[in-house]
Amino acid sequence: MFSEIWIPIAGLGGLGLLFGLGLAIASKKLAVQVDEKEEALKALMPGANCGGCGYPGCEGYAAALAKGEADPSLCPVGGPVLMEQIAEILGVEAEAGESKVALVRCHGTRDLAKDKYNYHGIEDCFAASLFQEGAKACAYGCLGLGTCVRACPFDAIHVNEDGVAVVEEDKCTGCSKCADACPKHLIDMVPKDLPVTVLCHSEAKGKAVKQICDVGCIGCSLCAKVCPVDAIEMKTNLPVIDSEKCIGCMLCAEKCPTNSIAADLENRKKAVVRPDDCIGCTVCKKACVFDAIEGERKEPHTVIAEKCTGCGQCVEKCPKDAIDLI
Amino acid sequence: MDYIKELAFIVIGAILINNFVLSRFLGICPFLGVSRKVSTAMGMGMAVTFVMAMASLITYIVQYAILEPLGIDYMQTIAFILVIASLVQLVEMVIRKASPGLYQALGVYLPLITTNCAVLGVTILNIQEEYDLLQTVLHGIGAAIGFTLAIVLLAGIRERLDRADVPKAMQGFPITLIVAGLMAVAFLGFQGLIG
């Protein structure tokens, strides 16, 4: 009776013990040195495995970092904070990477952009776009069925009640999953805090756009003409803004007849010269492309408020830091 | 002579007729998981071959030297899993030491050999068929070669599928499953090989 219990226990326990001992010896003999750096880097990774860095998951990125093949600034999720930590472990200088966010290049909401038919089908932009390019009359516009929403691992993109996807910039990590998912290819990765963004993706001619959407770009190229620094170029009926050249004067957004260039016009700032600090060097006067600064040499300068667009060029140029943006 | 003939039947039978993946349907997880590239499939096959041969040998000893004398052969499954798990651990250490590239490529599937039912299947079948030691080991090796054959064949097909124009809805796993099914049907043709 008793032996029915202890024989199996002893037998299996003994087997287990034997194998355990064998493995313990083997693990000592076959120990592999693991790169400490790599382990530390792995622990740092956000673990989102989004692939935004271009490596297969966080582990792959950590391995590439440890080998010195990857740049510390590649992780879009960890951002500058993680980059500094990585740089510390690797003992290299961190170079500030440009953090990017997704931008949906369409704001043709239901009331502004017409539909060409009523869609009753699978709630998926791919499915919808299979039939006549989707229900929206504009073949380039956002279908608003949330394929990007489902692709986002960070809950940073949502379809608003008017049927257009909108990115929450605070949550967006710039992994570009939504951009890959969009069948209309109207999500672009753009640098964070761009002063002006083109919110239309339509390559159609002006008349065709006008008939179907109230906020679509009609390709009038007014923005390109009004830009004081020639940062806007027209390509296939759409303005392309060179973010390096753009000074953020927002004139293009102001002039756009269809409001297809977005800018934070309400919070537009004005430059103000502090007369006590100004030495009248005229550097700001020369820097201003709008002739919005007046004043004589060696005299304190003043900004003409009506002409100032708040681009901040003068603030950057002033050798005495005597100009504020308010 | 008859004995050698029998051995040959066991090996050929395990490789072709009763192929573990395609006609017994054991070990499907690594079959589908590690069959993306021929080189990793080959590596997986080698690892499984080693584990299966060693597991066959050791479980035979465990069965007839420990379990039966003690009268606890009802503990067979647990004891065999213990053997297989320890072996896989050992193989993992060896591969990690000898070939980090292969270790990376096999990834999560290496520990998964532990739960590869083909390995447990072969050890239990050995006992059920009442094979002797040589037959047991040969059956283990044959079964593993069959597994390797199936997984390498599938990997070869999948490498070609990557460049084929597969309809969107069929891409990835659906087409792989169809291919695996067709392979199983094809292997059914070996059923009358030894009449």
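Side-chain atoms are counted along with the backbone in the values below, which use heavy atoms only and exclude waters and symmetry mates. Lettering follows sequence order; numbering is per chain, from 1.
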Quiz item: Of the options B:Val21, B:Leu22, B:Ile15, which is the one that meets B:Leu149 in a side-chain contact (heavy atoms from CB on, under 4.5 Å)?
Solution: B:Ile15
Self-check item: B:Ile66 versus chain A, the contacting section by heavy-atom distance below 4.5 Å
Solution: side chain
Quiz item: Between A:His158 and A:Asp155, is any side-chain donor less than 3.5 angstrom from a side-chain acceptor?
Solution: yes
Quiz prompt | Interface residue of largest heavy-atom contact number with chain B, from A:Ser27, A:Gly20, A:Ala63, A:Gly22, under 4.5 Å | solution = A:Ser27
Quiz item: What about B:Phe20 and B:Phe25, are their ring centers closer than 6.0 Å?
Solution: no
Quiz item: Does one side chain, of B:Tyr3 or B:Asp132, offer a donor that lies under 3.5 Å from an acceptor on the other?
Solution: yes
Self-check item: Heavy-atom pairs under 4.5 Å with chain A, option from B:Val94, B:Ile58, B:Val83 with the top count
Solution: B:Val83
